[in-house]
Amino acid sequence: MRTLVIGSGGREHALAIALARDPAVTEVHAAPGNPGIAAVATLHDVDPMDGAAVAGLATSVGADLVVVGPEAPLVAGVADAVLAAGIACFGPSREAARLEGSKAFSKEVMAAAGVPTAGSRTCTTAEEVAAALDAFGAPYVVKDDSLAAGKGVVVTSDRASALAHAAGCERVVVEEFLDGPEFSIFVVCDGAIGVPLVPAQDFKRIHDGGRGPNTGGMGSYAPLTWLPEGTVEDVMTRVVEPTLAEMRRRGAPFVGCLYVGLALTAAGPKVIEFNCRFGDPDIQPVLALLTSPLGALLSAAASGDLAAVPAPTFADGAAVTVVMASAGYPEGSSTGDVIVGTETLAREDDVDVVHAGTARTEAGLVTAGGRVLAVRATGTDVADARAKAYEGIASISFPGAQWRRDIAAEPLGVVEGATLLD
Ligand code: AMP
Ligand code: GLY
């Protein structure tokens with residue numbers, strides 16, 4: 001099987017590594033990729049947002065399967081272009097990607113499907129926003145309706161800040177505050193059925209203890225030993241199955257990864273958000289633990305045939321990913337800082353370096369984005385994997401590097417996110 005991965009982040013590097021490990025996968029191509037992905041795949045300089053160019057590349061490399069990593073190309077319809085070229089694509093159509101592309105659409109689908117989630121109102125005027133804030137009360141949750149690269153959500157007790165955020169958006173969703181530890185379940189879907197991977201948890205704030213601004217994610221771990229037994233089955237029955245059925249009913253069957261972001265509230269798990277792709281860095285430990293072939297799984301999903309493949313299997317133990325970000329992240333980022341120490345780790349069995357914002361220049365490997373790389377480790381349990389990941393972090397350096405010291409330090413689940421306010 002020849003595969004083509006679209007994207008250039010840590011998620012795509014982790015996917016490329018897992019695909020390359022699958023004996024049925026003969027070639028891994030990536031566009032545009034990054035220096036880490038270059039070690040396991042052939043890179044192509046193609047704009048991931050350009051559907052025609054992606055479909056053209058897939059045709060020219062003879063791809064049997066295209067895996068589109070990030071949400072922006074999916075929301076822009078890149079999967080539709082690949083499918084139109086007659087090539088299987090793991091990633092939803094433009095219409096199905098609206099589950100992430102529009103918060104209002106996703107709330108509408110959840111309501112129609114009876115999915116447990118925060119009560120919400122979609123507002124377009126300041127008066128509507130004010131009324132909704134008063135109806136739900138503090139803490140206030142205000143979400144930009146459209147894709148906002150992780151910056152669209154404000155959770156605050158300050159009514160003025162909530163109103164100010166809403167004023168800067170065209171359409172917002174105001175919703176009820178969900179209290180409880182957050183976790184993610186990635187469900188591989190073929191349009192009709194879904195297969196869950198092991199749940200993971202993502203540390204979103206820049207600073208230790210869940211302080212500071214939100215980021216794309218500063219670290220993650222899996223599995224979640226603190227999750228009550230039966231939680232995944234419960235989420236499959238009450239969230240995933242009705243959502244897939246509702247999307248089919250609307251003529252937009254969901255094929256790809258349905259990322260279910262949840263809060264474990266006193267009343268059970270409730271959906272915080274849907275995304276239409278694997279989460280990053282949350283998927284990294286999950287893929288490190290995957291022992292069954294990824295190519296076969298994604299390919300079966302893309303061809304509507306998930307029932308025909310065995311359920312994915314996972315190693316015992318745990319995996320932890322710690323992200324190193326460049327100076328200035330998340331408000332900005334610093335490029336061109338020389339990174340040393342990644343080569344040593346390449347020789348370790350249970351530790352690897354997952355590249356995101358890196359570039360190869362005459363000066364060597366340098367920073368090229370906010371989240372630069374992650375050290376990922378597997379171990380007998382979370383504490384063991386965590387110790388190995390931090391040993392790895394200690395051997396890598398670049399000027400201005402920032403990382404959290406408390407990733408997976410508290411595997412009891414109550415970390416941050418829904419329970420913390422700005
Ligand atoms: P989202 O982009 O929808 O994932 O929101 C970003 C973050 O805002 C989430 O990871 C939560 O930490 C927080 N958040 C979003 N919606 C809610 C909610 N209804 N209640 C509490 N926290 C929320
Ligand atoms: N780690 C959060 C996300 O991928 O959206």
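Counting convention: from 1, in listed order, for ligands and their atoms alike. In this text the structure is predicted, and so the values were computed from the model without any measurement.
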_Nearest non-hydrogen partners of Ser292 and Thr313, listed with the distance_ = OG-N, 3.0 Å

_Heavy-atom count check: over 12 atoms from other residues, nucleotides or ligands less than 6.0 Å from Arg159 CZ?_
yes

*Find all atoms of ligand 1 within a distance of less than 4.0 Å from any non-hydrogen atom belonging to Lys103, and give their numbers and elements.*
1 (P), 2 (O), 3 (O)

*Can you find an N/O atom of Asn214 closer than 3.5 Å to an N/O atom of ligand 1?*
no

_Backbone or side-chain N or O of Lys204 under 3.5 Å from ligand 2 N or O_ = no

*Of the protein's non-hydrogen atoms, which lies at the shortest distance from atom 2 (C) of ligand 2, and what is that distance?*
Asp202 OD2, 3.3 Å

*asked:* So if I count the atoms of ligand 1 from 1 in the order they appear, which ones are less than 4.0 Å from some heavy atom of Leu178?
replied: 18 (C), 19 (N), 20 (N), 21 (C)

*Taking only Lys NZ, Arg NE, NH1 and NH2, and the carboxylate oxygens of Asp or Glu, determine whether Glu175 and Lys107 approach each other closer than 4.0 Å.*
yes

*Are side-chain N/O atoms of Ser184 and Asp282 paired as donor and acceptor at under 3.5 Å?*
yes

*Mark up the atoms of ligand 2 that fall under 4.0 Å of a heavy atom belonging to Asp282, in ascending order.*
1 (N), 2 (C)

*Just checking, is any N or O donor in the side chain of Ser334 or Asp337 under 3.5 Å from an acceptor N or O on the other one?*
yes

*Taking atom 3 (C) of ligand 2 as the reference point, the nearest protein heavy atom with its distance*: Arg277 NH1, 3.5 Å

_Applying ring-ring contact (aromatic ring centres under 6.0 Å, His included), can you list everything that pairs with Phe278, at least two apart in sequence or on another chain?_
Phe90

*Could I get the full list of side-chain contact (heavy atoms from CB on, under 4.5 Å) partners for Ser333, not counting sequence neighbours?*
Ser326

_For Thr117 versus Glu176, what's the shortest heavy-atom pair and its separation?_
O-OE1, 4.4 Å

*Numbering the atoms of ligand 1 from 1, which are under 4.0 Å from a heavy atom of Ile272?*
15 (C), 16 (N)

*Numbered atoms of ligand 1 (with element) below 4.0 Å of Lys143, judged on heavy atoms*: 3 (O), 15 (C), 16 (N)

*Would you say Tyr259 touches ligand 2, if touching means a heavy atom closer than 4.0 Å?*
yes

*Nitrogen or oxygen atoms of Asp280 and ligand 2 under 3.5 Å apart*: yes

*Can you see which heavy atom on Val109 is nearest to which on Glu246, and at what distance?*
CG1-CG, 3.8 Å

*What are the atoms of ligand 1, with element, lying closer than 4.0 Å to any heavy atom of Glu182?*
9 (C), 10 (O), 11 (C), 12 (O)

_Non-hydrogen atom of Gly279 closer than 4.0 Å to ligand 2_ = yes

*Evaluate the ring planes of Phe186 and Tyr259, with Trp represented by its six-membered ring, and classify them as parallel (under 30°), tilted (30 to 60°) or perpendicular (over 60°).*
perpendicular

_Show the atoms of ligand 1 that are less than 4.0 angstrom away from any heavy atom in Lys204._
10 (O)

*List every atom of ligand 1 that sits less than 4.0 Å from any heavy atom of Val153, numbering the atoms from 1 in the order shown and giving each element.*
1 (P), 2 (O), 3 (O), 5 (O), 6 (C), 8 (O), 15 (C)

_Numbered atoms and elements of ligand 1 in range of Phe177, under 4.0 angstrom, heavy atoms_ = 20 (N), 21 (C)

*Atoms of ligand 2 less than 4.0 Å from Gly216 heavy atoms?*
1 (N), 2 (C)

*Inter-residue atom distance Leu4.CG - Arg2.CZ, 0.5 Å rounding*: 12.0 Å

*Report the part of Glu176 in contact with ligand 1, treating N, CA, C, O as backbone and CB onward as side chain, heavy atoms under 4.0 Å; options are side chain, backbone, both, neither.*
backbone

